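This report refers to the structure that appears directly beneath it.
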Amino acid sequence: MPDVIAEARRLLATAPRVLIFTGAGVSAESGIPTFRGPGGLWKTFRAEDLATPQAFARDPRLVWEWYGWRRGIVAGCRPNAAHVAIARWMMLRDGVTLVTQNVDDLHERGAVEAARALVAEGLVVAGGERAALERAAPVRLHGALFVSRCSHCGAERNDREPVDASSRETLPRCSCGGLMRPGVVWFGESLPEDAMRRAFAAAGEAEACLVVGTAGAVHPAAAVVHATAEHGGAVMVVDPGPTAYDEIAEAKIVGKAGEVLPEALL
Ligand code: OAD
């Protein structure tokens with residue numbers, strides 16, 4: 001095992017409280033495009049046409065077409081070894097908070113796989129499978145692709161339906177008659193308050209922060225990692241490319257999440 005992974009493993013095992021902070025790269029090996037790398041979504045699409053409140057007001061059909069396409073991609077993908085390793089680790093030890101910028105549901109589905117494996121191995125998870133899934137649930141900073149929210153009354157619903165974006169008339173509607181919108185955070189919008197409070201609370205007390213697959217380019221989410229570093233927590237980065245955190249990282253593991261995490265999280 002490379003020394004840097006052994007060092008990260010040691011830091012993670014000895015820290016009473018750990019923050020795991022993930023971005024698009026943790027889902028890359030599942031087949032979901034990242035945003036800024038080669039083949040990244042923002043290389044092909046303009047965020048201002050698709051991921052802003054103004055874009056939705058101007059052309060909700062176009063915005064829903066894009067999010068419907070992304071829902072289809074995610075629905076056809078499976079969690080990878082990184083999602084499963086993170087969830088398993090969280091189920092087997094205390095003091096871990098997972099904060100994600102991702103809107104896919106692969107952390108949750110990885111947790112289902114991890115819980116089933118623990119049950120099959122006869123490893124008792126206190127409180128059973130449901131409690132195990134709760135332990136591994138992520139704090140979501142950027143919302144969720146499979147949630148829709150009414151643009152009129154604000155009601156939210158889980159929504160895994162394919163979207164018929166063939167015309168404005170076929171777009172999803174709320175029972176109040178308002179147009180539903182994707183339950184994600186767009187550029188120019190505030191992040192959900194409760195998620196921010198929980199993320200910064202965890203960052204403020206964590207002795208170690210494991211950053212996985214994020215360029216660290218989007219604020220305020222990116223500041224969560226700095227909050228750990230500012231109070232002396234050790235930052236570790238798993239990413240095949242450069243990130244905004246490389247200079248503050250005590251350990252930079254250059255590699256793919258699905259290959260590194262099953263070794264680092266033991
Ligand atoms: P980026 O596309 O900016 O960064 C993805 C990171 O993942 C890069 O550093 C890649 O090197 C790395 N990466 C690629 N493959 C990997 C692998 N197999 N294992 C580990 N890392 C890998 O995506 P984010 O940082 O997540 O916001 O982007 C942050 C936010 O910008 C997103 O949440 C989204 C976007 O605009 C909103 O939609 C509000």
Side-chain angles (χ1 to χ4, degrees), residues 4-5 8 20-56 63 66-67 69-71 73-74 77-86 98-107 110 138-147 181-192 195-196 199 210-226 235-247 249 251-265:
V4 68
I5 299 186
I20 302 180
F21 184 76
T22 65
V26 77
S27 298
E29 288 154 84
S30 294
I32 299 178
T34 62
F35 291 94
R36 292 171 186 79
L41 292 173
W42 297 149
K43 301 271 188 214
T44 321
F45 301 100
R46 282 162 33 105
E48 52 272 45
D49 292 340
L50 299 162
T52 64
Q54 294 78 8
F56 189 71
V63 172
W66 193 64
Y67 280 94
W69 171 71
R70 288 180 60 196
R71 274 189 186 176
I73 293 177
V74 173
C77 289
R78 295 198 44 212
N80 65 55
H83 300 105
V84 179
I86 291 170
L98 171 62
V99 176
T100 190
Q101 301 164 90
N102 297 345
V103 297
D104 67 49
D105 61 349
L106 295 187
H107 280 304
V139 176
R140 295 183 157 280
L141 292 181
H142 288 164
L145 197 54
F146 293 109
V147 169
R181 55 159 281 178
V184 301
V185 176
W186 283 328
F187 288 99
E189 294 186 315
S190 304
L191 274 58
M196 285 292 272
L210 180 66
V211 182
V212 186
T214 175
V218 174
H219 284 267
V224 171
V225 174
H226 292 288
V235 173
M236 285 154 275
V237 174
V238 177
D239 199 300
T243 80
Y245 305 117
D246 293 356
E247 280 182 9
K252 168 76 190 272
I253 304 172
V254 180
K256 294 182 174 180
E259 293 168 9
V260 172
L261 292 195
E263 274 195 67
L265 296 178

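Values in this document were obtained by computation on a predicted structure and should not be read as measured data. Each residue takes its place number in the sequence, starting with 1. Every number for a ligand or one of its atoms is a count from 1 in the order of the listing.
Y245 is linked by a ring-ring contact (aromatic ring centres under 6.0 Å, His included) to H226, counting only residues two or more places apart in sequence or in another chain.
Considering V225, I86, L265 in turn, L265 is the only one that fulfils the side chain to side chain contact (heavy atoms under 4.5 Å, CB included) rule with L210.
Proximity to G241 (heavy-atom distance under 4.0 Å) selects the following atoms of ligand 1: 11 (O). Close approach to F187 involves these atoms of ligand 1, each under 4.0 Å from a residue heavy atom: 36 (O). For ligand 1 and G23, the ligand atoms under 4.0 Å from any heavy atom of the residue are 26 (O). Near V185, the atoms of ligand 1 lying under 4.0 angstrom from a non-hydrogen atom of the residue are 39 (C). Close approach to Q101 involves these atoms of ligand 1, each under 4.0 Å from a residue heavy atom: 29 (C), 33 (O). Distances below 4.0 Å separate heavy atoms of T34 from the following atoms of ligand 1: 2 (O). Interface of E29 with ligand 1, defined as ligand atoms under 4.0 Å from a residue heavy atom, comprises 17 (C), 18 (N), 19 (N).
Remark: distances from the non-hydrogen atoms of W42 to ligand 1 include one below 4.0 Å.
Nearest non-hydrogen protein atom to atom 4 (O) of ligand 1 is A215 N, 3.3 Å. The shortest contact between atom 10 (C) of ligand 1 and any protein heavy atom is with D239 OD1, 3.4 Å. Closest protein heavy atom to atom 27 (O) of ligand 1: H142 ND1, 3.4 Å. From the protein, the heavy atom lying nearest to atom 3 (O) of ligand 1 is R36 NH1, 2.7 Å. Annotation: atom 32 (C) of ligand 1 to nearest protein heavy atom, F35 CE1, 3.5 Å. From the protein, the heavy atom lying nearest to atom 19 (N) of ligand 1 is A257 N, 2.9 Å. Nearest to atom 24 (P) of ligand 1 among the protein's heavy atoms is T214 OG1, 3.8 Å. Here the protein heavy atom with the shortest distance to atom 30 (C) of ligand 1 is V218 CG2, 3.7 Å.
Note that CZ of R36 is 7.5 Å distant from OG1 of T214, once rounded to the nearest 0.5 Å. Between atom CG of residue L41 and atom NZ of residue K43 there is a gap of 11.5 Å, rounded to the nearest 0.5 Å. Separating the CG atom in L50 from the CH2 atom in W66 is a distance of 5.5 Å, to the nearest 0.5 Å. Here the CD1 atom belonging to I5 is positioned 12.5 Å from the CE atom belonging to M236, to the nearest 0.5 angstrom. A distance of 8.5 Å separates CH2 in W42 from CD in E48, rounded to the nearest 0.5 Å. Note that CZ of F21 is 8.0 Å distant from OG1 of T100, once rounded to the nearest 0.5 Å.
Nearest residue to atom 13 (N) of ligand 1 from A28, A221, G25 is G25 (criterion: closest heavy atom). Scanning P240, G258, G255 for the heavy atom closest to atom 22 (C) of ligand 1 points to P240.
The backbone N or O of K256 lies less than 3.5 Å from no partner atom in the side chain of E259, so there is not a single donor-acceptor pair.
Taking the six-membered ring for Trp and thresholds of 30 and 60 degrees, H83 and H107 have ring planes more than 60 degrees apart, a perpendicular arrangement.
Heavy-atom contacts from other residues, nucleotides or ligands closer than 6.0 Å to NZ of K252 number more than 12.
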Listing, residues 138-145 side-chain donor-acceptor contacts under 3.5 Å, not counting sequence neighbours, or none:
residue, atom, partner, partner atom, Å
R140, NE, E108, OE2, 3.3
R140, NH1, N102, O, 2.9
R140, NH1, D104, O, 3.4
R140, NH1, G143, O, 3.1
R140, NH2, D104, O, 2.6
R140, NH2, E108, OE1, 3.1
R140, NH2, E108, OE2, 3.0
H142, ND1, Q101, O, 3.3

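Counting heavy atoms under 4.0 Å from ligand 1, residue K256 touches it through both backbone and side chain.
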